[in-house]
Amino acid sequence: MKRMLTGLQPTGVITLGNYIGAIKQMVKYQDEYESFIFVADLHAITVPKQNFNLKENTKSLIALYLACGIDPKKNTIFVQSQNEYHANLSWVLECNAYFGELSRMHQFKEKSKGKENFTAGLFTYPVLMASDILLYDADIVPVGIDQKQHVEIARDIAIRFNNKYGKTFIVPEPLISDTGTKIADLVDPTKKMSKSSENQNGVIRLLDDLELIRKKIMKATTDSDSIIKYDEEKKPGISNLINIYSSLTGKTIKQIEDEFKSSNYGTFKKVVADVVVNEIEKIQKKYYEYLNSGIIDEILKEGINKARIYAKSKYDAVKNKIGFYN
Ligand code: AQP
């Protein structure tokens with residue numbers, strides 16, 4: 001059985017973008033692949049944050065994974081920082097990654113833009129991500145389109161290491177959602193919807209009040225021509241709502257354009273809001289059940305025990321290939 005690995009950072013309550021771009025894929029493929037799903041808490045400290053409770057966020061993210069349909073019986077679920085091999089292998093991979101290629105990462109450029117001081121961890125983030133993936137011989141990595149470049153650099157590092165030391169790593173493939181969707185911010189649809197975004201109105205979080213979600217969608221930025229047509233460049237706001245609707249209903253863009261050809265933006269927004277609220281309401285109900293059930297620690301204990309066995313074996317193989325004394 002092929003293997004899938006993916007993780008989200010506990011940098012805040014996950015967004016509709018994270019859900020559509022990553023979590024729905026994880027759920028969809030959990031029967032097809034042996035999968036490792038983790039909370040990327042080591043990644044979460046690359047950008048300093050205020051009012052940030054890492055422990056709480058971690059537990060909440062696990063409860064959300066479960067509430068969204070990730071089945072602990074089918075997946076190995078664990079917390080990254082509990083497995084020291086991620087950071088250990090990351091160092092080895094850093095010594096096989098180049099400054100130039102890391103400097104070209106879009107996310108690094110975006111997050112460091114205009115800042116005088118940013119951490120070295122922000123720069124080497126893609127190498128830690130490569131370590132996460134390569135430790136488990138993952139064949140596929142479900143990600144949103146925004147993270148595709150990071151899977152590509154993991155591939156380059158794996159190939160480089162294999163060429164230098166002999167075949168050690170599986171070269172992973174990114175798995176992008178069917179629509180290839182990047183969900184945009186509702187206020188500024190030229191930006192991606194992000195957990196750490198400062199403008200709360202642009203972001204739908206899975207634990208937001210349902211009425212607030214409805215309001216955010218009704219107020220989403222659109223354009224002035226009132227035609228429901230997909231055009232990312234000229235009509236980014238309405239295209240974003242079409243993407244959201246398409247991802248949650250499975251309807252194609254063409255079907256949606258036909259369905260709403262005589263409707264105005266208000267009517268369309270209301271339908272989108274109904275679909276989003278309906279989906280999130282079900283998740284929220286399950287979320288609170290999981291959070292208060294006491295099951296999370298059990299799942300994590302089992303998960304980390306299993307994850308460490310795979311990771312240790314791979315890291316030992318790497319040490320042998322390099323010739324570290326043991
Ligand atoms: N807007 C988005 N549309 C589609 N997919 C998205 N993803 C993130 N935003 C969108 C996908 O969700 C996963 C989250 O990965 P992450 O938590 O490691 O961090 P990220 O990609 O940096 O996500 P955020 O929400 O933007 O977090 P912050 O604000 O902390 O940086 C990935 O698979 C990503 O592709």
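Just so you know, these numbers use all the heavy atoms, side chains as well, and skip hydrogens, waters and symmetry mates. Atoms within each ligand, like the ligands themselves, are counted from 1 in listed order. Predicted, not measured: the structure shown is a model, and the values here were computed from it.
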Taking NZ, NE, NH1 and NH2 as the nitrogens, is one of them in E84 or R308 under 4.0 Å from a carboxylate oxygen of the other? yes

Under the side chain to side chain donor-acceptor pair (under 3.5 Å) test, which residues partner Y19, sequence neighbours left out? E279

Residues in the immediate environment of ligand 1 (any heavy atom closer than 4.0 angstrom): L8, Q9, T11, G17, N18, G21, A22, Q107, K111, Y125, V143, G144, D146, Q147, T181, K182, I183, K192, M193, S194, K195, S196

Who pairs with D316 by side chain to side chain donor-acceptor pair (under 3.5 Å), at least two apart in sequence or on another chain? K312

Please say which of K216, R214, K215 ends up in a salt bridge (Lys or Arg N to Asp or Glu O under 4.0 Å) with D208. K216

Residue list, side chain to side chain donor-acceptor pair (under 3.5 Å) with D146, at least two apart or on another chain: K192

Atom NZ of K219 with >12 non-hydrogen neighbours under 6.0 angstrom: no

